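Fair warning: this is a prediction, and the values are worked out from it, not measured in the lab.
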Amino acid sequence: MLQVKNIHFSYKKKTVLKDISFKAEAGEYIAIIGESGSGKSTLLKVLRGEYDLNKGQVLWKDEDILGPKFNLVVGYDFMKYVAQEFELEPYISVEENIGQFLSNFYPEEKKQRVAELLDVVELQSFTKTKVKLLSGGQKQRVALARALAKQPEILLLDEPFSHIDNFKKQSLRRNIFSYLKKKKITCIVATHDKEDVLGYADKMLVLDNNMIVANNTPQELYSNPETPLIASFFGEFNIINNEIVYSYQLKIVAHSNLKVKVVQCYFKGNYYLIEASLNDEVIFFEHHSAIKKGEEVFIK
Ligand code: ADP
Ligand code: MG
């Protein structure tokens, strides 16, 4: 189990993490979400012992994760980390990058292991390609496979799918997260993409203003978003009579006390997002078909 106990961290004078505490059981996936600059990457770096804490403690099982003041080499064998700006060896092949830290003493096992990971990240056809010739998204997939090569107990991922295009993203997420569950690898992922969280994460930590403002299951936070920040993570929403209402929760009706005027209509695939004005306020709701600008409708 990972235990994070009341940690405080600042870069020189600038406090980034204030009194952060949470736990992750073996095999659990914890998503860390928050706006850009909220401290997600810093938290992951602190978890791997890249910095010395001002206060608090990070424990993996019974082992203290310590910063550079106490450790000559940053990082631990049981923990792998893939940074937002991942680093690879550009002049060697994909398979050599993935297998770089695997023993050459068992060539058959090494080959099999690399092949298994190439499957997970769907890079079978690039086995022999030099990494410098890959796209950003392909490089990110190599970085993920490399982190998994020597199976870690805990994996820290910083925006792991940010460079990967939408064509590949969905199947890659399914592969990676089911692989991690199957192997019971604890995983902490910093992200601002709800697609990385919904359907996969066991818990979701929300960072705001240097602190954890929510720690719950994605289902619970989605159903009861306590703050606009949490609601905005999941989608378009409105505040009506001090209540957070997602755009999909509003429907057009024959009559109601909410009469709005359509301002803009956005095609979203299986629905249209309608931007409308209610007096001076902007209201978003969803509808199955397009509505003309200027039309007045009632919503509920
Ligand atoms: P996020 O990953 O959520 O976007 P970061 O952890 O990267 O946030 O950054 C949190 C805050 O710490 C930001 O205000 C950022 O400018 C600052 N920061 C990040 N890295 C450093 C650093 N090496 N030195 C000083 N300040 C930093
Ligand atoms: Mg970041």
Side-chain angles (χ1 to χ4, degrees), residues 1-2 24-30 44 47-50 60-61 63 65 73-165 167-191 196 200-202:
M1 182 166 67
L2 177 77
E25 302 288 345
E28 245 185 344
Y29 163 17
I30 311 280
L44 288 188
L47 295 182
R48 74 185 284 260
E50 194 164 319
W60 174 248
K61 295 177 178 166
E63 186 162 354
I65 307 278
V73 181
V74 172
Y76 292 80
D77 279 345
F78 53 81
M79 180 185 267
K80 283 283 150 46
Y81 162 70
V82 182
Q84 212 166 343
E85 280 76 35
F86 38 90
E87 282 165 22
L88 297 167
E89 302 288 334
Y91 300 108
I92 61 175
S93 71
V94 167
E95 68 175 350
E96 287 166 317
N97 263 277
I98 296 174
Q100 200 174 18
F101 303 112
L102 295 178
S103 166
N104 286 318
F105 207 72
Y106 306 99
E108 256 324 293
E109 278 84 345
K110 179 169 174 172
K111 217 171 130 190
Q112 268 178 23
R113 180 79 184 129
V114 170
E116 180 189 16
L117 292 167
L118 283 167
D119 267 352
V120 174
V121 297
E122 300 179 16
L123 279 177
Q124 303 91 332
S125 45
F126 294 91
T127 312
K128 305 281 182 201
T129 308
K130 280 201 173 62
V131 159
K132 73 169 176 135
L133 302 175
L134 299 177
S135 72
Q138 289 164 335
K139 283 181 191 154
Q140 192 161 32
R141 281 143 67 192
V142 176
L144 285 166
R146 191 153 97 142
L148 289 168
K150 262 189 171 173
Q151 190 165 308
E153 295 176 41
I154 174 164
L155 184 63
L156 310 174
L157 302 177
D158 202 344
E159 309 207 359
F161 309 110
S162 57
H163 297 258
I164 294 161
D165 57 66
F167 301 104
K168 270 269 170 285
K169 237 183 215 176
Q170 304 290 3
S171 73
L172 191 66
R173 277 195 195 100
R174 280 193 296 273
N175 287 357
I176 293 275
F177 290 126
S178 65
Y179 182 86
L180 297 176
K181 271 282 177 244
K182 193 170 76 193
K183 304 279 180 180
K184 295 203 167 60
I185 299 170
T186 307
C187 151
I188 317 285
V189 178
T191 181
D196 293 344
Y200 303 113
D202 297 298

Looking only at atom types and distance, does a side-chain atom of R113 sit under 3.5 Å from a main-chain N or O of G99, one as donor and one as acceptor?
no
Within the supplied structure, the quantity of interest is the number of heavy atoms (other residues, nucleotides, ligands) at a distance under 6.0 Å from K130 NZ; does it exceed 12?
no
Does atom CD of Q124 have more than 12 heavy-atom neighbours, drawn from other residues, nucleotides or ligands, at distances under 6.0 Å?
yes
Looking only at heavy atoms, the pair that brings V120 and N175 closest together is O-ND2, 2.9 Å
Measure across I30 and A24 and return the closest heavy-atom pair with its distance rounded to 0.1 Å.
CG1-CB, 3.7 Å
Residues in ring-ring contact (aromatic ring centres under 6.0 Å, His included) with F126, at least two apart?
none
Taking all non-hydrogen atoms of both residues into account, name the closest pair between K169 and F161 and its distance.
CE-O, 3.0 Å
Mind checking the CD1-CD spacing from I185 to Q151? Nearest 0.5 Å is all I need.
4.0 Å
Hey, does L156 have a side-chain heavy atom less than 4.5 Å from the side chain of D158?
no
Taking everything shown except Y106 itself, do over 12 heavy atoms lie less than 6.0 Å from its OH?
no
d(E153 CD, L155 CG) to nearest 0.5 Å is 12.0 Å
Drop me the distance from L123's CG to E95's CD, to the nearest 0.5 angstrom.
12.0 Å
Given I164, which of Q170, Q140, Q138 fulfils the side-chain contact (heavy atoms from CB on, under 4.5 Å) condition?
Q140
Closest non-hydrogen atom pair between K139 and L88, with its separation
O-CD1, 3.4 Å
Please confirm whether the backbone N or O of T129 pairs with a side-chain atom of S93, one donor and one acceptor, at under 3.5 Å?
no
Side chains of V121 and R146: does their closest heavy-atom pair fall under 4.5 Å?
no
Check: N97 side chain, Q100 main-chain N or O, donor-acceptor pair, under 3.5 Å:
no
R141 side chain reached by L134 side chain, heavy atoms, under 4.5 Å
no
Identify the heavy atoms of S103 and K110 that sit nearest to each other, and give their distance.
O-CD, 3.6 Å
Beyond-backbone contact of V82 with P160, side-chain heavy atoms, under 4.5 angstrom
no
Could you tell me the separation between the CD atom of E25 and the CG atom of L2, rounded to the nearest 0.5 Å?
10.0 Å
Any side-chain heavy atom of I188 within less than 4.5 Å of one from L157?
no
Taking the inter-plane angle between the rings of H163 and F86 on a 0 to 90° scale, is it parallel (under 30°), tilted (30 to 60°) or perpendicular (over 60°)?
perpendicular
So, do Y179 and L117 sit near enough that their side-chain heavy atoms are less than 4.5 Å apart?
yes
Quick one: closest heavy-atom pair of Y29 and K181, and the distance?
N-NZ, 4.0 Å
L148 side chain reached by L180 side chain, heavy atoms, under 4.5 Å
yes
How far apart are the C-alpha atoms of V189 and F177, what are their side-chain angles, what is the distance that settles it, and do they pass the side-chain contact (heavy atoms from CB on, under 4.5 Å) test?
CA-CA 11 Å; V189 178; F177 290 126; 4.2 Å; yes
Considering only heavy atoms from C-beta outward, does the side chain of V74 approach that of Y81 to under 4.5 Å?
no
For L102 and K150, what are the C-alpha separation, side-chain angles and deciding distance, and is it a side-chain contact (heavy atoms from CB on, under 4.5 Å)?
CA-CA 7 Å; L102 295 178; K150 262 189 171 173; 3.8 Å; yes
Before giving the answer on side-chain contact (heavy atoms from CB on, under 4.5 Å), spell out for V131 and I92 the whole-Å C-alpha distance, their side-chain angles and the decisive distance to 0.1 Å.
CA-CA 6 Å; V131 159; I92 61 175; 5.9 Å; no
Return the orientation label for the W60 and F78 ring planes: parallel under 30°, perpendicular over 60°, tilted otherwise.
parallel
Do R48 and E50 sit within salt-bridge range, that is, some charged N less than 4.0 Å from a carboxylate O?
yes
